[in-house]
Colleague: 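One structure follows; several queries about it will come next.
Whatever order the structure lists ligands and atoms in, that order sets their numbers, starting from 1.
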Amino acid sequence: MNATVSFATLGVPRIGRRRELKKALESYWSGQSSADDLEKTAREIRAANWREQAALGVTRIPSNDFSLYDHVLDTCAMVGAVPPRYGWRGGRVSLDTYFAMARGSESRGDAGCGHPGHGHGHGEGVGALEMTKWFDTNYHFMVPELSDDQRFALSSTKPVDHFEEAKALGIHTRPALLGPVTFLKLAKTDDAGFDPLALLPGLLAVYEDVLRRLAAAGADWVQIDEPALALDLLPNERDALRFAYDRLVGAAPGLKIMLATYFGPLGDNLGTAASLPVAGLHVDLVRGADELPHVLAAARSDAVLSLGVIDGRNVWRADLGAILDRIEPVVTARGAGLVEIAPSCSLLHVPIDLDLEDALDVDVKGWLAFAVQKIGELSVLSRALGEGRESVAEELGAAQAAIEARRASPRVNDTGVRARIAGLDASAARRKGAFAERRKAQAGRLSLPAFPTTTIGSFPQTSEVRKARSANAKGALSSADYEAFLREETERAVRWQEEIGLDVLVHGEFERNDMVQYFGEQLSGFVFTKHAWVQSYGSRYVRPPIVFGDVSRPEPMTVAWWRYAQSLTTKPMKGMLTGPVTILNWSFVRDDQPRAETCRQIALAIRDEVADLEAAGAAMIQIDEAALREGLPLRRRDWAAYLDWAVECFRLCSSGVADETQIHTHMCYSEFNDIIEAIGAMDADVISIETSRSRMELLGAFETYKYPNEIGPGVYDIHSPRVPATQEMTDLLKLALARLSAGQIWVNPDCGLKTRKWDEVRPALVNMVAAAKELRASA
Ligand code: GLN
Ligand code: ZN
């Protein structure tokens, strides 16, 4: 019989089972409660997390994985990376300074399009740090802002404080720190020519101090996360890792480092990772499943290997038998003392506890595992490794039964959908006519002026709209009354658009809770949860849809609303849909077939909706792909394969229509230069993009690449409450004219207007229409 095999969690959700942290933060920010109240809630969440993990038998319980807002921001506070505009004079970083970096110091206009990462910190007062996606997750971190003469100093002892806090509860933890090299790689500097890695020696001094303090407090292990190892690294970045860990291993004799990598295989960074002098190495064996033999061959024989075998990024029960088949030989070969098991990455990215879901479809529920259940799976694996599979025969049997039930379920397998995919040929993803022919056909049908004006889809989701929706959901407002209310809102928006002279109208999306959820709720193959929140950023949490089975569209989803809106006007009314890639990228996706396959199914469902809108008379249909770029793989060499199927899926959903039906798409990220050809290959007749914040700099992409179709470079920055003057927008349009031809250009805002107020939107769009008219007159 083997000795026991340790198991870790690498980090657990920190929002509280019932979103206690969100409530405490928002109440503190609004001045309704004190810093002490906030700290009390935070302590309770930490204690509950530690106790729960202890009760579940976790051997390596993390501390310092808790954060009030973001762990990268915590690291900024720890090392004193506070930009001068916050007026910090050294010493401990206060709660106010911390939240000023997170949210800006006063009213900020970071509304964006309702999804994070699309604009942040445009308010009055001191702006927040920038925010961006954490690797390829839907978690967003605050981007460290460093200067080339940056000094670092220990400015928060949170890692030590939390270690002591757990210790006082009788729980021995393994503190988790964000690694110095990843921290610098994620940072930005105002001087583009300056490489933040030059700051490494100074930064390491602070880390050494922290490690010494942790050791003095009684820590024997520390977990240091370097997910940058899953990225393409330059030689100097690999050197930096060697330099950093040579120093850190000597910082506190007796304190061992578990270096954690995750979010992908190590690939060409394996040699570097395996040669670092650290006592332990954690690898992601979910995304890097094929890499295990190479890791075993490369790992130092005296290092503890932490095998990340449970998916920390998704919500499915694991195939425990298959995992044991893979890792039992590792334990036999290395000995139990040199192996640990863990999730692939911190459990931050999955919901907390499946047991909270009392209304979830029972079949699907049986196939899922959230953080608590995943810890349970690790416990079973650990016992199987230590005491033999017989000791957990029942649990292994249950896991096996769940896998088999899922595989065989008619809920998952829809032969109609499969036959349809199998029967597709290349023509399904190709419009009938080339763009030039389509353009002619569409011009004949639509007779639009030059520089046509439109908006991206949503109008302000006012508190009345949200109140009515939640009253309806709670049963306090009848569906008939809710519907009548939405009709009124829609009619008002349509009348107003006519009045100010927009050329192409939208219905306003008042009936939609969210651009993905609205569709997911009407598609087969999706389920939604009640409590399965995951942190998106700060106090903003999302409940992603779960795609569990083959996807199809039982009934039209948007046609009735479109028909009603079009009946109010003779101007063209755009049909408004969310694209397959965006629906995929903002959901938890089934893991039993390639993502591309699931995306294709969603594309066909949307294609059906496109066909129905066209049949109902829609001359224009917009299919938003807000998240297309977000899905880019971490490694460059994987980009082409992703873009191939992502673009194909967009074409699949949009190509069933006649030449005279105009397909629009919208994308709301600001960096598309490196994928512009893929965007061109989507072959939408019209695309609207974000450009106004960078003063059309983004159109630089069009210097070398001639965008073939029509394009609306956003002229109104909807991320800010500011109302742009007409002149500003004509100036932007003139800049666009330097790169694009007059016949190509549409005039529209950057993104949807749902987060803005009518008082801002009204004058801004009036000015925008005036700008288009000026351009027409001068052209
Ligand atoms: N049509 C959507 C809207 O206007 C698009 C939003 C988005 O792309 N994020 O709200
Ligand atoms: Zn957008």
Side-chain angles (χ1 to χ4, degrees), residues 110-120 122 133 138 140 454-462 465-466 489-490 493 497 502 504-520 536 540 542 557-558 561-562 565 573-586 606 609-610 613 618 620-631 650 653-654 663-672 679 682 684 686-694 698 711-720 746 748-758 760-761 764-765 768:
D110 74 325
C113 50
H115 280 277
H118 305 139
H120 195 253
H122 257 242
K133 272 170 74 81
N138 287 326
H140 299 74
T454 190
T455 59
I456 306 304
S458 57
F459 276 119
Q461 288 258 333
T462 56
V465 173
R466 276 173 295 158
E489 290 292 311
T490 308
Q497 293 173 79
L502 281 157
V504 171
L505 311 194
V506 298
H507 74 287
E509 302 182 21
F510 301 107
E511 77 287 9
R512 301 191 185 174
N513 37 19
D514 171 90
M515 65 184 284
V516 169
Q517 189 180 348
Y518 184 74
F519 291 94
S536 172
R540 183 166 173 122
V542 293
M557 303 182 284
T558 63
W561 279 112
W562 175 83
M573 176 65 59
K574 281 194 274 192
M576 194 61 64
L577 305 174
T578 301
V581 186
T582 299
I583 293 178
L584 186 88
N585 284 342
W586 285 343
I606 301 295
E609 186 70 11
V610 170
L613 282 168
M620 298 174 165
I621 299 161
Q622 177 173 313
I623 308 167
D624 295 324
E625 282 293 19
L628 189 127
R629 192 183 200 288
E630 290 187 16
F650 180 82
C653 76
S654 60
I663 297 290
H664 290 232
T665 190
H666 164 72
M667 292 188 185
C668 38
Y669 34 77
S670 42
E671 279 168 46
F672 56 86
I679 291 177
M682 290 165 72
V686 183
I687 183 172
S688 57
I689 54 172
E690 177 181 322
T691 42
S692 68
R693 278 190 288 175
S694 62
L698 297 163
I711 180 164
V715 290
Y716 160 23
D717 174 9
I718 66 94
H719 308 87
S720 155
W746 283 64
N748 48 255
D750 259 354
C751 195
L753 300 163
K754 64 172 161 240
T755 52
R756 295 263 63 93
K757 298 196 169 75
W758 273 110
E760 301 150 4
V761 165
L765 290 184
M768 188 186 86

Colleague: Using a 4.0 Å cut-off to any heavy atom of Cys668, which atoms of ligand 1 qualify?
Modeller: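 Answer, ordered by atom number: 7 (C), 8 (O), 9 (N).
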
Colleague: Under 4.0 Å from a heavy atom of Gly457: give me the atoms of ligand 1 that qualify, with their elements.
Modeller: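 By the 4.0 Å cutoff, the relevant atoms are 4 (O).
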
Colleague: Using a 4.0 Å cut-off to any heavy atom of His666, which atoms of ligand 1 qualify?
Modeller: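 By the 4.0 Å cutoff, the relevant atoms are 7 (C), 8 (O).
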
Colleague: Please name the pair of heavy atoms, one in Leu577 and one in Glu609, separated by the smallest distance, quoted to 0.1 Å.
Modeller: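 Closest pair (atom of Leu577, atom of Glu609, distance): CD2-CG, 3.5 Å.
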
Colleague: Determine the minimum heavy-atom distance between Ile621 and Val610, stating which atoms define it.
Modeller: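 In this case the closest contact between Ile621 and Val610 is CD1-O, 3.6 Å.
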
Colleague: Quick check on contacts: which atoms of ligand 1 are under 4.0 angstrom from a heavy atom of Ser458?
Modeller: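 Atoms satisfying the 4.0 Å criterion: 3 (C), 4 (O), 10 (O).
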
Colleague: I need the atoms of ligand 1 closer than 4.0 Å to a non-hydrogen atom of Lys754, numbered in the order shown.
Modeller: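 Close to Lys754: 10 (O).
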
Colleague: By number and element, which atoms of ligand 1 are closer than 4.0 Å to a non-hydrogen atom of Gly752?
Modeller: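 Answer, ordered by atom number: 3 (C), 4 (O), 10 (O).
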
Colleague: Nearest heavy-atom pair of Asn138 and Asn585: which atoms, and what distance?
Modeller: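 Between these two residues, the closest heavy atoms are ND2-O, 3.1 Å.
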
Colleague: Identify the heavy atoms of His140 and Lys133 that sit nearest to each other, and give their distance.
Modeller: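 Smallest heavy-atom distance, with atoms named: NE2-CG, 3.5 Å.
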
Colleague: So what does the Cys751 SG - the Zn ion (ligand 2) - Cys668 SG angle come to, to 10°?
Modeller: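 Value, to the nearest 10 degrees: 120°.
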
Colleague: Quick check on side chain to side chain contact (heavy atoms under 4.5 Å, CB included): which of Glu509, Met576, Arg512, Glu511 does Thr558 satisfy it with?
Modeller: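 Going through Glu509, Met576, Arg512, Glu511 one by one, the side chain to side chain contact (heavy atoms under 4.5 Å, CB included) with Thr558 is satisfied by Arg512 alone.
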
Colleague: If you count the atoms of ligand 1 from 1 in the order shown, which ones are under 4.0 Å from a heavy atom of Ile456?
Modeller: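 Listed by number with element: 1 (N), 4 (O).
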
Colleague: What I want to check is whether the side chains of Thr490 and His507 have a donor and an acceptor closer together than 3.5 Å.
Modeller: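 Looking only at side-chain atoms, His507 and Thr490 do not form any donor-acceptor pair under 3.5 Å.
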
Colleague: With the side chain counted from C-beta on, respond yes when Pro749 and Met768 share a heavy-atom pair under 4.5 Å apart, and no when they do not.
Modeller: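 In contact.
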
Colleague: I want to know if ligand 1 touches Gln622 in the polar sense, i.e. an N/O pair below 3.5 angstrom.
Modeller: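 N/O-N/O distance below 3.5 Å does not exist for this pair.
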
